[in-house]
Amino acid sequence: MSVVLVADDEPAVLDALSQVVEDLGHQVVRAHDGREALQLARAQKPHLVVTDHMMPRLSGLDLVRQLQEDDLLRDVPVLLLSAALPMGSNSEARAFLPKPFELSQFEDLVSSLLAESKALAPPGTEAASGAPASPEERLRWLGNQVASPLAQIRERLGILQLSSPEGFRRQLTEIERSLEEVERLVRTVTPPQH
């Protein structure tokens, strides 16, 4: 199973694209804007990034450029979706799909890019074998898998704290402390890679 990062600021589009990827049998990591997508890509090391071009905080094209500047992510293929860019105007992403498009076109491109990514991976690597080889790599992989849901929980917790009555806020503060402890544990097994 491959990890696919899907980024789109329109919830309905994000849900539809994510469902297609999940139906193909892959794990989906969702991002609601370009900056969140970049953070999740660094934490998750996806096998493919699917991103809309027009997003807040960081456009899809800027996301492609940021990924290419990262030594660990520069080889991750990116599928750029856009209603604003004309076909053939972007050579920076691995693939481009103009909006509107048929979901079958999207499905075919995702399958093709993931197959190409696995074919190019050196033998014995995580992308080729589907699982990390050493115990240390498995532990780091597990930490990365937990980092994304934790970030999403933290974001939603912040929203709840702002809109909740005082008694409920105290309970949310306790949840936040527990979340911080789990995040601290994850950081100990996923040291920054330079």
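The shortest distance between side-chain heavy atoms of Asp33 and Leu58 does not fall below 4.5 Å. Residues Val78 and Leu67 have side chains in contact (heavy-atom distance under 4.5 Å, counting atoms from C-beta outward). With a 4.5 Å cut-off on side-chain heavy atoms, Ser111 and Leu24 count as touching.
Leu73 and Ala41 make their closest contact through CD2-O, 3.6 Å (heavy atoms, listed as atom of the first residue, atom of the second, distance). Across Thr51 and Gly60, no two heavy atoms sit closer than the pair OG1-CA, 3.7 Å. A pairwise comparison of heavy atoms in Pro77 and Arg94 identifies CB-NH1, 3.7 Å as the closest pair. Nearest heavy-atom pair across Phe106 and Leu97 is CA-CD2, 3.9 Å. Residues Leu17 and Phe101 come closest through the heavy atom pair CD2-CZ, 4.0 Å.
Partners of Asp108 according to the salt bridge (Lys or Arg N to Asp or Glu O under 4.0 Å) rule, which considers only residues two or more places apart in sequence or in another chain, do not exist here. Partners of Glu102 under the side-chain hydrogen bond (donor to acceptor under 3.5 Å, both in side chains) rule, at least two apart in sequence or in another chain, do not exist in this structure. Annotation: side chain to side chain contact (heavy atoms under 4.5 Å, CB included) contacts of Thr173 (sequence neighbours excluded): Gln161, Arg177. In this structure Asp15 satisfies the side-chain hydrogen bond (donor to acceptor under 3.5 Å, both in side chains) test together with Arg30, sequence neighbours excluded. Glu180 is linked by a side chain to side chain contact (heavy atoms under 4.5 Å, CB included) to Arg154, Glu176, Glu183, counting only residues two or more places apart in sequence or in another chain. Listed by chain and number, the residues in a salt bridge (Lys or Arg N to Asp or Glu O under 4.0 Å) with Asp70 are Arg42 (sequence neighbours excluded). For the side-chain hydrogen bond (donor to acceptor under 3.5 Å, both in side chains) test, residues two or more places apart in sequence or in another chain that qualify with Arg65 are Asp62, Glu92. Residues that satisfy the side-chain hydrogen bond (donor to acceptor under 3.5 Å, both in side chains) test with Glu69, not counting sequence neighbours, are absent from this structure.
Placement of Leu81 and Leu48 within a single hydrophobic cluster is found when ILVMFWY residues are connected by side-chain heavy-atom separations under 4.5 Å, directly or transitively. Under a hydrophobic-cluster definition in which Ile, Leu, Val, Met, Phe, Trp and Tyr are linked whenever side-chain heavy atoms come within less than 4.5 Å, directly or via other members, Met55 and Val76 are assigned to different clusters. In the hydrophobic cluster analysis, where Ile, Leu, Val, Met, Phe, Trp and Tyr join through side-chain heavy atoms closer than 4.5 angstrom, Met54 is grouped apart from Val13.
Taken from NE2 in His47 to CG in Leu114, the straight-line distance is 8.5 Å, to the nearest 0.5 Å. Distance CG/Leu63 to CD/Glu36: 11.5 Å, rounded to 0.5 Å. If you take CD on Gln68 and CD on Gln66, they are separated by 10.5 Å, rounding to the nearest 0.5 Å. Atom CG of Asp52 is separated from atom CD of Glu10 by 6.5 Å, given to the nearest 0.5 angstrom. Taking CD of Gln44 as the reference point, atom CG of Leu5 lies at 8.0 Å (rounded to 0.5 Å).
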